[in-house]
Trainee: 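The following block contains the structure, expressed as C-alpha cells.
The analysis underlying the following values was restricted to heavy atoms, covering all of them including side chains, and did not include hydrogens, waters or symmetry mates. First the proteins, then the strands, lettered A, B, ... as listed; each starts at 1.
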Number of protein chains: 2
Amino acid sequence: MLTLKQDHSQLVVLSVLAVGPSYGYAISKDIAARSEGHFKLSPSGMYPLLTKLEKNGLVTTGWEEVKAAGADPDSTGRRRKWYTLSDKGHKQLAKRIEHHRQVQSILDGFVSQAPESELANG
Amino acid sequence: MLTLKQDHSQLVVLSVLAVGPSYGYAISKDIAARSEGHFKLSPSGMYPLLTKLEKNGLVTTGWEEVKAAGADPDSTGRRRKWYTLSDKGHKQLAKRIEHHRQVQSILDGFVSQAPESELANG
DNA sequence: TTCGGATATATCGAAACTGGATATATTCTT
DNA sequence: AAGAATATATCCAGTTTCGATATATCCGAA
C-alpha cells in the first residue's frame with residue numbers, strides 16, 4: 001500500500017473526474033481498482049479534498065436520492081453526491097499534469113545520478 | 001520556480017549526498033544549479049530536513065572550521081557542518097527511489113487516461 | 001577601510017495538511 | 001436477523017510547510 005500525498009491525491013481525483021462525473025465512494029473504489037490496490041484514499045482524505053475542489057470551483061455538485069426498490073416513499077433514502085469537473089477544473093488539471101511532468105523530469109535527473117539508481121530496479 | 005514537497009526534498013538531498021559528502025549551503029546551491037533554477041530548497045526547508053536525516057541515522061555529521069588566511073587565531077571562524085550518507089542512508093535512498101518509481105508509474109496510469117493528458121505537452 | 005553581498009547555520013510560528021478513529025444511516029446478502 | 005457493503009462526513013493530535021527572522025563570518029570593490 002502506497003500512501004498518496006494530497007498533491008497526488010488531487011491529481012488522481014481530478015484525473016478520475018476528467019473521464020466522467022462520479023461520487024466519493026465510487027472514486028475511492030475506482031482509485032483502488034485502477035491502481036491494483038496500491039493507492040488508497042480514505043474517507044478522511046477524500047471528503048475534505050472534494051469539498052475543497054468544490055469550494056475552488058473545480059467541480060460542480062448535485063445530490064441524487066438513491067431509493068431502494070419498494071422503499072418507504074417518505075424515507076430520506078441514501079444520498080449520493082455527484083461531482084462533475086468544471087471548465088476551470090479541466091484547465092487546472094491540464095496545468096497540474098504539465099507541472100507534474102516537469103517536476104518528474106527534473107527529479108529524475110537527480111535520482112539517476114545517484115549510485116542507488118541502478119539497484120532500485122528490482 | 002517549482003516548489004518541492006518534503007518527500008521530494010528528501011529524495012533530492014539524499015541523491016545529492018549519494019554522490020559525496022556535502023554541507024547545507026552547498027547542497028542548496030547544488031540543487032538550484034542541477035535543476036537549472038527550477039528547484040529551490042531554502043534554509044528553513046534545508047536545516048530541519050538535515051537535522052531529521054541525522055536524527056534518523058541516515059547521515060553522519062562533522063564540523064569543519066573554515067578559517068580565512070591570516071585570520072585571528074582566536075576567532076571561532078565560520079563553521080561548516082558536513083553531512084555524509086551512512087549505510088542506512090544508502091539503503092534508505094535505494095528504497096525511496098524504488099518507491100518513487102512505483103508511485104510514478106501508477107500515477108502515470110491515471111494521468112494518461114485523462115483527456116487533458118494530450119494538451120499538457122506544450 | 002569600510003560597506004555590501006555572498007557564505008553559512010539555525011529557529012520561530014501561523015497556517016495547512018495528514019490520517020486513523022469515529023459517527024451516522026442505508027442497502028444488500030445470506 | 002445479522003452482518004457486510006454502501007455512502008457521506010467530522011474530529012483531532014501530530015506533522016509539515018515556508019516566509020520571516022536571527023546571527024555571524026568571509027570576500028571583493030570602491
Trainee: For a quick check under 3.5 Å, do A/Arg96 and A/Ser15 share a side-chain donor-acceptor pair by atom type?
Mentor: no
Trainee: For the residue pair B/Pro48 and B/Pro43, what are the closest heavy atoms and their distance?
Mentor: CD-O, 3.7 Å
Trainee: In whole Å, what is the span from the CG atom of B/Asn56 to the P atom of D/dT15?
Mentor: 12 Å
Trainee: Take the C1' atoms of the five end pairs on each side of the helix from C/dT1-D/dA30 to C/dT30-D/dA1, derive the two axes, and give their angle rounded to 10 degrees.
Mentor: 20°
Trainee: May I ask you to say what A/Gly24 touches in the nucleic acid, namely base, sugar-phosphate or nothing, with a heavy-atom cut-off under 4.0 Å?
Mentor: sugar-phosphate
Trainee: In whole angstroms, how far is the P atom of D/dA24 from the NZ atom of B/Lys81?
Mentor: 18 Å
Trainee: Figure out the CE/P separation between A/Met46 and C/dG20, and round it to whole Å.
Mentor: 14 Å
Trainee: Using whole Å, what does the distance between atom P of nucleotide C/dA8 and atom CH2 of B/Trp63 come to?
Mentor: 12 Å
Trainee: What is the separation between atom OH on A/Tyr47 and atom P on D/dT8, rounded to the nearest whole Å?
Mentor: 4 Å
Trainee: Search all heavy atoms of B/Val16 against all heavy atoms of B/Arg34 and return the closest pair with its distance.
Mentor: CG2-NH1, 3.9 Å
Trainee: Assign each of B/Gly45 and B/Lys29 to its nearest nucleotide of DNA chain C by heavy atoms, then name whichever residue's nucleotide is nearer the 5' end.
Mentor: B/Lys29
Trainee: Just the rounded figure in Å: distance from C1' of C/dT18 to CG of B/Asp7.
Mentor: 13 Å
Trainee: So does B/Leu58 get a backbone contact from the side chain of B/Ser86, meaning a donor-acceptor N/O pair under 3.5 Å?
Mentor: yes
Trainee: Using nucleotides 2-5 of chain D, report all nitrogen or oxygen pairs with the protein that are shorter than 3.5 Å.
Mentor:
none

Trainee: Please report the distance, rounded to the nearest Å, between CZ in B/Arg79 and P in D/dC26.
Mentor: 13 Å
Trainee: Given C/dA8, D/dT8, C/dA10, which nucleotide is nearest the side-chain atoms of B/Tyr83?
Mentor: C/dA10
Trainee: Between B/Leu41 and B/Ser9, what is the shortest heavy-atom contact and its length?
Mentor: CD1-OG, 3.7 Å
Trainee: Measure the acute angle between the ring planes of A/His100 and A/His8, then classify it against the limits of 30° and 60° as parallel, tilted or perpendicular.
Mentor: perpendicular
Trainee: Enumerate all atom pairs, one protein N or O and one N or O from nucleotides 12-17 of chain C, separated by less than 3.5 Å.
Mentor:
unit_1, atom_1, unit_2, atom_2, d
C/dC17, OP1, A/Lys52, NZ, 3.2

Trainee: B/Ser117 and A/Arg101: side-chain donor and acceptor closer than 3.5 Å?
Mentor: yes
Trainee: Evaluate the criterion salt bridge (Lys or Arg N to Asp or Glu O under 4.0 Å) for residue pair B/Glu54 and B/Lys81; output intermediate values, then yes/no.
Mentor: CA-CA 12 Å; B/Glu54 185 181 9; B/Lys81 194 173 182 181; 3.3 Å; yes
Trainee: Could you give me the CA-CA distance, side-chain angles and deciding distance for A/Leu17 and A/Tyr83, then say whether side chain to side chain contact (heavy atoms under 4.5 Å, CB included) is met?
Mentor: CA-CA 8 Å; A/Leu17 288 177; A/Tyr83 295 83; 4.1 Å; yes
Trainee: Over 60° means perpendicular and under 30° means parallel, so classify the ring planes of A/Tyr23 and A/Trp82, tilted if in between.
Mentor: perpendicular
Trainee: CG of B/Leu49 versus C1' of D/dT15: gap in Å, rounded?
Mentor: 14 Å
Trainee: Would you compute the distance between atom OG of B/Ser22 and atom CD1 of B/Ile31 and round it to the nearest 0.5 angstrom?
Mentor: 9.5 Å
